[in-house]
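This report refers to the structure that appears directly beneath it.
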There are 2 protein chains.
Amino acid sequence: MLSKKTQYALRALSFLAARFDQGPVLIHEIAEQKKIPIKFLENILLELKNADVLDSKKGRGGGYFLKTAPNQTSLAKVMRIVEGPIALLPCVSLYFYQKCADCTEEVCSINGVFIQVRDATLKILESKTLEDIQEMRLEALDFSI
Amino acid sequence: MLSKKTQYALRALSFLAARFDQGPVLIHEIAEQKKIPIKFLENILLELKNADVLDSKKGRGGGYFLKTAPNQTSLAKVMRIVEGPIALLPCVSLYFYQKCADCTEEVCSINGVFIQVRDATLKILESKTLEDIQEMRLEALDFSI
DNA sequence: AAATAACACCACAAAATTTGTAGACTAATA
DNA sequence: TATTAGTCTACAAATTTTGTGGTGTTATTT
């Protein structure tokens with residue numbers, strides 16, 4: 001299961017994706033719209049900024065905004081920033097590899113399956129972007145009916 | 001990431017799978033071979049027994065053993081017993097569904113991707129069984145060279 | 001029947017992680 | 001220079017994970 005932190009991050013980003021190119025958005029507004037504790041959200045957005053997903057502007061008229069177009073940031077990237085490894089076992093992670101503590105087998109009989117799971121998961125999460133989880137925009141709705 | 005508990009469970013089961021039909025195996029022996037804290041392992045094995053994956057025998061000559069052939073227990077089943085949900089979001093879980101707390105969108109823009117991830121993961125974990133992660137058996141090795 | 005072996009069960013404790021908060025600081029703008 | 005809004009550090013509360021202790025129960029052996 002994804003942590004709340006990651007879920008908050010995805011929600012905030014789906015909101016910011018819908019506002020891409022419309023100027024900075026206040027943390028306060030995101031927190032309110034998405035019902036995320038504001039100080040917690042602060043930390044998350046800052047982390048995403050330090051990882052070059054977001055950018056920000058201080059002072060009046062400031063706020064957060066996507067650094068690049070929504071389709072330029074994969075969900076895998078976001079998840080690695082806020083959640084950490086995507087793989088289910090440390091010994092099978094591409095970016096957070098760790099030798100399994102106390103693995104007693106010379107040839108691990110377990111990790112093969114989890115390499116498959118990892119690859120199947122990554123195939124999706126590397127190809128999907130913020131554009132794919134972008135919140136529905138009001139102006140995109142068709143009111144002509 | 002899978003919890004240590006789940007990793008321990010998988011290791012213990014890979015060991016028991018290799019010993020299928022060879023009588024009960026002592027908790028003590030599994031703990032030693034697989035370097036798992038014995039009291040922690042007790043809890044795990046009991047849970048797997050209560051879920052009908054394992055069976056046990058008390059007293060002298062007792063121990064734990066697989067209730068059915070290794071290929072009869074899927075990894076998905078094991079993981080649901082010891083780890084809980086396989087899906088990455090509560091609102092997308094088949095066996096542990098929960099409405100997303102504070103989901104503010106009428107139509108969630110996020111869950112579609114995670115349904116895909118869930119399905120890709122389950123396709124593997126439902127089809128792979130304990131037979132697939134079974135520890136190499138010594139008698140299966142070819143010493144003729 | 002007594003002794004012993006081994007699982008069953010309950011309750012708790014330590015450790016780690018996650019989630020959330022407080023408050024001072026810095027930068028930008030009007 | 002006052003105000004606005006992000007930055008940063010540190011901490012605290014809550015929850016989950018990991019691990020332990022002790023007693024009970026059942027089966028086997030002698």
Side-chain angles (χ1 to χ4, degrees), chain A residues 1-12 16 23-32 34-67 79 81-85 88 90 96 98 100-102, chain B residues 1-12 16 23-32 34-67 79 81-85 88 90 96 98 100-102:
Chain A
M1 275 312 222
L2 299 182
S3 64
K4 287 232 174 188
K5 186 183 174 191
T6 303
Q7 294 181 43
Y8 289 160
L10 291 173
R11 284 188 200 163
L16 288 173
V25 181
L26 296 181
I27 295 183
H28 179 79
E29 187 184 355
I30 306 173
E32 192 162 281
K34 292 298 179 180
K35 294 194 180 152
I36 303 172
I38 191 166
K39 293 294 280 183
F40 197 12
L41 182 59
E42 256 185 31
N43 298 333
I44 296 168
L45 297 181
L46 190 54
E47 208 171 339
L48 288 168
K49 176 185 169 170
N50 291 334
D52 279 333
V53 168
L54 296 179
D55 203 351
S56 69
K57 210 179 153 218
K58 286 184 175 183
R60 172 161 242 150
Y64 274 97
F65 50 94
L66 295 190
K67 192 164 184 174
M79 286 176 56
I81 294 165
V82 292
E83 180 86 14
L88 294 179
F96 298 86
Q98 278 187 292
C100 281
D102 306 323
Chain B
M1 277 310 225
L2 299 182
S3 64
K4 287 233 176 188
K5 187 183 175 191
T6 302
Q7 295 180 42
Y8 289 159
L10 292 173
R11 284 188 200 164
L16 288 173
V25 180
L26 296 182
I27 295 183
H28 181 78
E29 188 184 355
I30 307 172
E32 194 163 279
K34 293 299 180 181
K35 293 195 180 152
I36 303 172
I38 191 166
K39 292 293 280 184
F40 197 11
L41 181 58
E42 255 184 33
N43 298 336
I44 296 168
L45 296 181
L46 190 55
E47 207 171 338
L48 288 168
K49 176 187 167 166
N50 290 335
D52 277 334
V53 168
L54 295 180
D55 204 350
S56 69
K57 209 179 154 220
K58 285 187 177 182
R60 175 165 240 150
Y64 274 97
F65 49 94
L66 294 192
K67 192 163 188 176
M79 286 176 57
I81 294 166
V82 292
E83 180 86 14
L88 294 178
F96 299 85
Q98 276 187 291
C100 280
D102 306 324

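Letters A, B, ... mirror the listed sequences (proteins, then strands); counts begin at 1.
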Open item on the list: Nearest to the B/K5 side chain among C/dC10, D/dT18, D/dT26, which nucleotide is it?
Closed with: D/dT18
Task: Close side-chain approach of A/M1 and B/L88, heavy atoms under 4.5 Å - done: no
Open item on the list: Does A/L26 reach a base, just sugar-phosphate, or nothing at all? Heavy atoms under 4.0 Å.
Closed with: sugar-phosphate
Open item on the list: Of the options C/dC9, C/dG23, C/dG20, whose atoms approach the side-chain atoms of B/K39 most closely?
Closed with: C/dC9
Open item on the list: Please report the distance, rounded to the nearest Å, between CD in A/E83 and C1' in C/dT17.
Closed with: 12 Å
TODO: Would you kindly give the CG-to-P distance between A/L54 and D/dA5, to the nearest whole Å?
DONE: 18 Å
- [ ] Provide, to the nearest angstrom, the distance between the CG atom belonging to A/L46 and the C1' atom belonging to D/dA10.
- [x] 15 Å
- [ ] For B/E47 and C/dC9, give me the distance from atom CD to atom C1', rounded to whole Å.
- [x] 13 Å
Task: Whole angstrom value for the distance that separates P of D/dG6 from NE2 of A/H28 - done: 10 Å
Open item on the list: By nearest atom, which of the nucleotides D/dA27, C/dA27, D/dT20 is closest to the B/F40 side chain?
Closed with: D/dT20
- [ ] Compare side-chain N and O positions of B/Y8 against OP1 and OP2 of D/dG19 and report whether any pair is under 4.0 Å apart.
- [x] yes
- [ ] Find which nucleotide of DNA chain C each of A/K58 and A/I38 is nearest to by heavy atoms, and output the residue with the more 5' nucleotide.
- [x] A/I38
TODO: Assign A/I27 to base, sugar-phosphate, or nothing according to its heavy-atom contacts below 4.0 angstrom with the strands shown.
DONE: sugar-phosphate
Task: Protein-nucleotide distance (A/K35, atom NZ; C/dT19, atom C1'), rounded to Å - done: 19 Å
Would you be so kind as to tabulate the donor-acceptor pairs closer than 3.5 Å made by side chains of residues 35-45 of chain A, with sequence neighbours excluded?
unit_1, atom_1, unit_2, atom_2, d
A/K39, NZ, A/E42, OE1, 3.4

Open item on the list: Could you tell me how far apart B/F65 (CZ) and D/dA27 (C1') are, to the nearest whole angstrom?
Closed with: 13 Å
Open item on the list: By the 4.0 Å heavy-atom rule, please label B/K4 as base, sugar-phosphate, or nothing.
Closed with: sugar-phosphate
TODO: Can you figure out which of C/dA22, C/dT19, D/dT4 approaches the side chain of A/R60 most closely?
DONE: D/dT4
Open item on the list: Does B/E29 have more than 12 heavy atoms from other residues, nucleotides or ligands lying within 6.0 Å of its CD?
Closed with: yes
Task: Side-chain N or O of B/S3 closer than 4.0 Å to phosphate OP1/OP2 of D/dT16 - done: no
TODO: Grab the two heavy atoms, one from B/Q7 and one from B/L2, that are nearest each other, plus how far apart they are.
DONE: NE2-O, 3.1 Å
Open item on the list: From NZ of A/K57 over to C1' of C/dA27, roughly how many Å is that when rounded to an integer?
Closed with: 12 Å
Open item on the list: Let me spell it out: for each of B/E42 and B/T6, pick the nucleotide of DNA chain D with the closest heavy atom. Which residue's pick is nearer the 5' end?
Closed with: B/T6
Task: First encountered from the 5' end of DNA chain D, between A/G62 and A/N43 - done: A/G62
Task: Close side-chain approach of A/V25 to A/F65, heavy-atom, < 4.5 Å - done: no
